[in-house]
Amino acid sequence: MTELPNLTEKKLGLVIDLDTCVGCHACVISCKGWNTENYGVPLSDQRPYGDEPMGTFLNRVHTYEVQPDAGPAQTVHFPKSCLHCETAPCVTVCPTGASYKRVEDGIVLVNESNCIGCGLCAWACPYGARELDQEEGVMKKCTLCVDRIYNENIPEEDRIPSCVRTCPAGARHFGDFADPDSDVSRLTAERGGIDLMPEMGTQPVNKYLPPRSKDSWRDESLLAPYLEPVSEQPSGFLGWVDKQLSRLPGDQKENL
């Protein structure tokens, strides 16, 4: 069995804004692409064009309709990947030591050469964040793009997880939770970031920012003020166009 470090130098992780995520799945696609072409064993697909396609994904987006205590129902898009828990049960149940948590940054990884595909870590993870690659027989999981964030051969702005770099809505944020002045720490404090299933006692590093209530929206359309006519009688060029159109055959104005 693998032991967890008592303390990590950093706590690298993600903040995911559920109020901003639009469910476009760009993070899913970029994650699949990067981890298929670079780190470790490629992520396989089975029957991608068949009746029952399946494959290995390290990041998924689920969509739910929720009903707040007050206000209308709203749609929430919920991205999910490994949360890099401080007390990660997937690490401590691994019989070969393939799963481990790094002391230097707190990232939970799998040494694929030692993984026997027993699936114990998947059973232990309460979030369903691990997936067994059906072709290679090894367990796969989010690595926080460890091969990107320390890679000095790529531009500095790209040294963040692929999902964060790709998100068009800016719903994903990456940083060090051990630093109280980091962007992720400040976002968590200001927006009331929460743990996923805190009752499990896993102390996930990744945080979620809850969606804001929509009950303060006005009943009418937000575009209504911009759709009101600016003039009862068109003038200038628009007035000339209106006059010419009124002369077309079949125009109701000619029949008045």
Side-chain angles (χ1 to χ4, degrees), residues 1-16 31 34-35 38-44 56-60 79-151 159-164 172-182 184-185 188 193-208:
M1 304 295 180
T2 309
E3 293 186 0
L4 291 165
N6 293 326
L7 184 67
T8 60
E9 298 174 16
K10 295 182 178 180
K11 294 182 181 180
L12 297 184
L14 302 175
V15 166
I16 300 176
C31 173
W34 179 263
N35 287 283
N38 294 277
Y39 178 85
V41 175
L43 305 179
S44 69
T56 307
F57 291 83
L58 309 187
N59 180 51
R60 297 179 182 269
K80 186 191 69 176
S81 59
C82 174
L83 304 173
H84 300 277
C85 304
E86 294 190 52
T87 56
C90 58
V91 170
T92 55
V93 301
C94 181
T96 66
S99 293
Y100 63 101
K101 187 174 180 68
R102 292 169 31 131
V103 176
E104 59 267 37
D105 51 26
I107 299 177
V108 176
L109 295 175
V110 176
N111 185 340
E112 296 174 2
S113 62
N114 293 341
C115 178
I116 60 176
C118 66
L120 283 177
C121 58
W123 282 98
C125 175
Y127 309 110
R130 292 196 168 212
E131 299 203 11
L132 182 67
D133 191 288
Q134 297 297 320
E135 287 192 13
E136 299 296 333
V138 296
M139 195 60 66
K140 305 290 291 189
K141 61 175 295 300
C142 165
T143 67
L144 281 181
C145 288
V146 68
D147 53 335
R148 286 176 62 105
I149 60 178
Y150 297 113
N151 191 343
R159 296 175 202 168
I160 56 177
S162 179
C163 61
V164 178
R172 305 174 74 92
H173 308 268
F174 171 71
D176 182 11
F177 286 90
D179 179 5
D181 294 324
S182 67
V184 290
S185 294
T188 301
I194 58 176
D195 291 345
L196 181 60
M197 298 166 59
E199 68 275 9
M200 302 305 298
T202 58
Q203 296 178 276
V205 173
N206 288 8
K207 306 298 180 186
Y208 287 91

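FYI, side chains are in, hydrogens and waters are out, and symmetry mates aren't considered; it's all heavy atoms of this structure.
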Any side-chain heavy atom of [X] within less than 4.5 Å of one from [Y]?
X: Glu86; Y: Val205; value: yes
X: Leu83; Y: Leu196; value: yes
X: Cys90; Y: Arg130; value: yes
X: Thr202; Y: Pro89; value: yes
X: Phe174; Y: Cys145; value: no
X: Leu109; Y: Tyr100; value: yes
X: Thr8; Y: Arg102; value: no
X: Arg60; Y: Lys80; value: no

If you measure only the distance, is there a donor-acceptor pair under 3.5 Å linking the side chains of Asp133 and Ser44?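 Result is yes, a qualifying pair exists.
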Test salt bridge (charged side-chain N to carboxylate O under 4.0 Å, His left out) applied to Asp195 and Lys207, step by step: CA-CA 5 Å; Asp195 291 345; Lys207 306 298 180 186; 2.4 Å; yes
Can a donor-acceptor pair be found, under 3.5 Å and without considering hydrogens, that links the side chain of Glu131 to the backbone of Lys140? no
Check whether Asn206 reaches the backbone of His84 with its side chain - one donor and one acceptor, N or O, closer than 3.5 Å. no
Looking only at heavy atoms, which two atoms of Pro180 and Ser185 are closest? And how far apart? O-CB, 3.5 Å
If you look at every heavy atom in Pro161 and Leu144, which pair is closest and at what distance? CG-O, 3.6 Å
Taking atom NZ as the centre, does Lys11 end up with more than 12 heavy-atom neighbours from other residues, nucleotides or ligands that are less than 6.0 angstrom away?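 Not buried by this count: 12 neighbours or fewer within 6.0 Å.
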